[in-house]
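Below is one structure, written out as structure tokens; the observations come after it.
Residue numbers count from 1 along this sequence.
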Amino acid sequence: MTSAAPRPADAAPAVSVIMPVLNEERHLRSAVRHILAQEYRGELEVVIALGPSTDRTDEIAAELSAQDARVRTVPNPTGRTPAGLNAAIRASRHPVVVRVDGHGMLSPDYIATAVRLLEEQDAANVGGIMHAEGETPWEQAVAAAMTSRIGVGNAAFHTGGAAGEAETVYLGVFRREVLREQGGYNEEFIRAQDWELNYRIRAAGGRIWFSPELLVSYRPRPTVRALARQYLHYGRWRHVVARYHAGSINLRYLAPPTALLAIAAGVVAGVVLTPWAFAVPGGYLAAITAGSVPAGRGLPLRARVQIPLALATMHLSWGWGYLTSPRSLARKVIASRPEPAGAARASQGASKA
């Protein structure tokens, strides 16, 4: 058997896009089309990991695969995101691995820019802005909350900022050997698997690079209940990361549980001791109402008036999830995770994008 011809020095490295999906019939077709339409001169493949959806996701994925040979599917029976990511990594074969979600829309030059930044910054992983965009008034309110400092603090991948090294980034574009060295995603982490993986990469000396040049349009959760559930799990699993990795927590992650405890204490004290204690929950309500004014600038009135509800849902759900995170979640068996088999099939040039 003859070995593959070496890649020309000026050729773009081949890229594998991995996408775990579950009940994504609303956005999957558009998300994949945004990938296939990338302004990128290198070889491209898309591997979709199919969870047990109850809508038309599998049917749409089959249609996309039939229409374009670059699109393939693999099963993800558990439906869990990290398991789907690892299944897609094993089935993929190229030296650069791009993570995309089924409701994420890549900007036209996303992959080309990311590959360039991997090389320029000698990074292990690069990522950019989670650009939330809503279609309904509620989704627009959530998008405004998710891209404001009062909503998410100083997280650059939500609010933007200067390029530079970061603790974590949205989604991620990786060198395959980095995923191989780390054993892929930790499948115990139903949520926060990106943060946990990036922590391990940084602990091993890898560089995580944020750039506002990289933009992924994101579709927010369509209901209050769905948003609350999302942020409940964010808080719950962020606490798991803190238990796994001592020293990984910071004040931004402690703000929501602190606010929830203060509000609850204020309400109880207001009922039992003095009405003055109601100043605490009242102050919080005033703060998010005031903060929603700049966050909602330019939006329709129906969206602007819902921003305080979106902010409160995000903050308090995260805080409750963090405070009630059971210790039974993720019992720290990182070493037992299988290495993604696809890592061994990286083509020549994998060590440098």
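Taking both residues in full, the closest heavy atoms of Leu311 and Ser148 are given as CD2-OG, 4.2 Å, listed atom of the first, atom of the second, then distance. Contact detail for Ala295 and Ala144: the closest heavy-atom pair is O-CB, 3.4 Å. In this structure, Trp318 and Pro257 approach most closely via the heavy-atom pair CD1-CD, 4.1 Å. For the residue pair Ile288 and Ala312, the shortest heavy atom distance occurs at CD1-CB, 4.0 Å. Nearest heavy-atom pair, Pro212 versus Ala162, reported as atom, atom and distance to 0.1 Å: CD-C, 4.3 Å. Of all the heavy atoms in Ala83 and Thr78, the pair that sits closest is CB-OG1, 3.5 Å.
The side-chain heavy atoms of Ser30 and Arg33, taken from C-beta on, include no pair separated by under 4.5 Å. At least one side-chain heavy atom of Val115 sits under 4.5 Å from a side-chain heavy atom of Pro13. By the 4.5 Å heavy-atom criterion applied to side chains, Leu323 and Leu260 are counted as neighbours. The side-chain heavy atoms of Ile18 and Val100, taken from C-beta on, include no pair separated by under 4.5 Å. The shortest distance between side-chain heavy atoms of Ile263 and Leu316 falls below 4.5 Å. For the pair Val96/Phe174, no side-chain contact is recorded, criterion being any heavy-atom separation below 4.5 Å from C-beta on. Residues Thr168 and Arg202 have side chains not in contact (no heavy-atom distance under 4.5 Å, counting atoms from C-beta outward). Contact check for Asn76 versus Leu50: no side-chain heavy atoms found under the 4.5 Å cut-off.
A salt bridge links Glu59 to Arg56: at least one charged side-chain nitrogen sits closer than 4.0 Å to a carboxylate oxygen. Salt bridge Glu139/Arg26: present, at least one basic N to carboxylate O contact under 4.0 Å. Taking a cutoff of 4.0 Å between a charged side-chain nitrogen and a carboxylate oxygen, Arg93 and Glu43 qualify as a salt bridge.
Glu177 contributes atom CD, which lies 6.0 Å from atom CD of Glu181 (distance to the nearest 0.5 angstrom). We find the CE-CG distance between Met314 and Leu309 to be 11.5 Å, quoted to the nearest 0.5 Å. Remark: Glu135 CD to Arg219 CZ distance equals 5.0 Å, nearest 0.5 Å. The structure places CE of Met130 at 8.0 Å from CG of Asp101, a figure rounded to the nearest 0.5 Å. Within the model, atoms CD1 of Ile129 and CG of Leu171 stand 12.5 Å from one another, a figure rounded to the nearest 0.5 Å. The structure places CE of Met105 at 9.5 Å from CD1 of Ile35, a figure rounded to the nearest 0.5 Å.
The aromatic rings of Tyr218 and Tyr170 sit perpendicular to each other, their planes meeting at more than 60°, with 30° as the lower class boundary. Tyr234 and Tyr231 have perpendicular rings, their planes meeting at more than 60° on a 0 to 90° scale where under 30° would count as parallel. Using cut-offs of 30° and 60° for the angle between ring planes, the His239 and Tyr322 rings count as parallel.
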task = Show your working on side chain to side chain contact (heavy atoms under 4.5 Å, CB included) between Trp237 and Ile190 and close with a plain yes or no.
result = CA-CA 8 Å; Trp237 285 93; Ile190 300 174; 3.8 Å; yes
Pair Gln38-Val17, side chain to side chain contact (heavy atoms under 4.5 Å, CB included): steps then yes or no = CA-CA 11 Å; Gln38 286 289 295; Val17 181; over 6 Å; no
Test side chain to side chain contact (heavy atoms under 4.5 Å, CB included) applied to Ile89 and Leu179, step by step = CA-CA 9 Å; Ile89 291 169; Leu179 296 175; 3.9 Å; yes
task = Tell me, with the steps shown, if Glu63 and Arg29 meet salt bridge (charged side-chain N to carboxylate O under 4.0 Å, His left out).
result = CA-CA 9 Å; Glu63 292 173 0; Arg29 196 182 303 276; 2.9 Å; yes
key: Stepwise side chain to side chain contact (heavy atoms under 4.5 Å, CB included) test for His103 and Arg221   = CA-CA 10 Å; His103 46 272; Arg221 296 298 192 269; 4.1 Å; yes
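Between the side chain of Gln121 and the main chain of Ile208, no donor-acceptor pair closer than 3.5 Å is present. A donor-acceptor distance shorter than 3.5 angstrom exists from the side chain of His315 to the backbone of Ile150, with no hydrogens or angles considered. Using a distance-only test at 3.5 Å, with no hydrogens or angles considered, a donor-acceptor pair links the side chain of Arg175 to the main chain of Ala123. Arg176 places a side-chain N or O within 3.5 Å of a backbone atom of His94 that can act as its donor or acceptor partner. With hydrogens and angles ignored, the 3.5 Å screen pairs a side-chain donor or acceptor of Arg304 with a backbone N or O of Leu299. Using a distance-only test at 3.5 Å, with no hydrogens or angles considered, a donor-acceptor pair links the side chain of Asn86 to the main chain of Tyr185. Side chain of Thr73 to main chain of Ile48: no donor-acceptor pair is present (N/O by atom type, distance under 3.5 Å, no hydrogens or angles). Although no hydrogens or angles enter the test, the distance criterion places no donor-acceptor pair under 3.5 Å between the side chain of Ser65 and the main chain of Ala61. Judged purely by atom type and a 3.5 angstrom limit, Ser317 has no side-chain atom pairing as donor or acceptor with the backbone of Leu232. Within the 3.5 Å criterion, the main-chain N or O of Glu167 finds no donor-acceptor partner in the side chain of Asn198.
A donor-acceptor contact closer than 3.5 angstrom is absent between the side chains of Tyr110 and His34. Glu133 and Ser217 share a side-chain donor-acceptor pair at under 3.5 Å. Residues Glu24 and Thr57 have side chains that never bring a donor and an acceptor to within less than 3.5 angstrom of each other.
Under the 4.5 Å side-chain heavy-atom criterion for ILVMFWY residues, no single connected hydrophobic cluster contains both Ile307 and Met146. Val15 and Leu64 fall within the same hydrophobic cluster, defined by Ile, Leu, Val, Met, Phe, Trp and Tyr side-chain heavy atoms under 4.5 Å apart, directly or through other members. Both Leu36 and Tyr40 are members of a single hydrophobic cluster when ILVMFWY side chains are connected at heavy-atom separations under 4.5 Å. One hydrophobic cluster holds both Val173 and Ile111 under the rule that ILVMFWY side chains link at heavy-atom gaps under 4.5 Å. Hydrophobic clustering (side-chain heavy atoms under 4.5 Å, transitive across Ile, Leu, Val, Met, Phe, Trp, Tyr) groups Val216 together with Leu118.
None of Asn23, Asp55, Asp58, Val21 except one satisfies the side chain to side chain contact (heavy atoms under 4.5 Å, CB included) rule with Leu28; the exception is Val21.
Residue-environment remark: CZ (Arg80) stays at or below the threshold of 12 foreign heavy atoms within 6.0 Å. Within a 6.0 Å sphere centred on CH2 of Trp138, heavy atoms belonging to other residues, nucleotides or ligands number more than 12.
Applying the side chain to side chain contact (heavy atoms under 4.5 Å, CB included) rule to Glu213 yields the partners Thr113, Arg116, Leu117, Ser211; only residues at least two apart in sequence or on another chain are considered.
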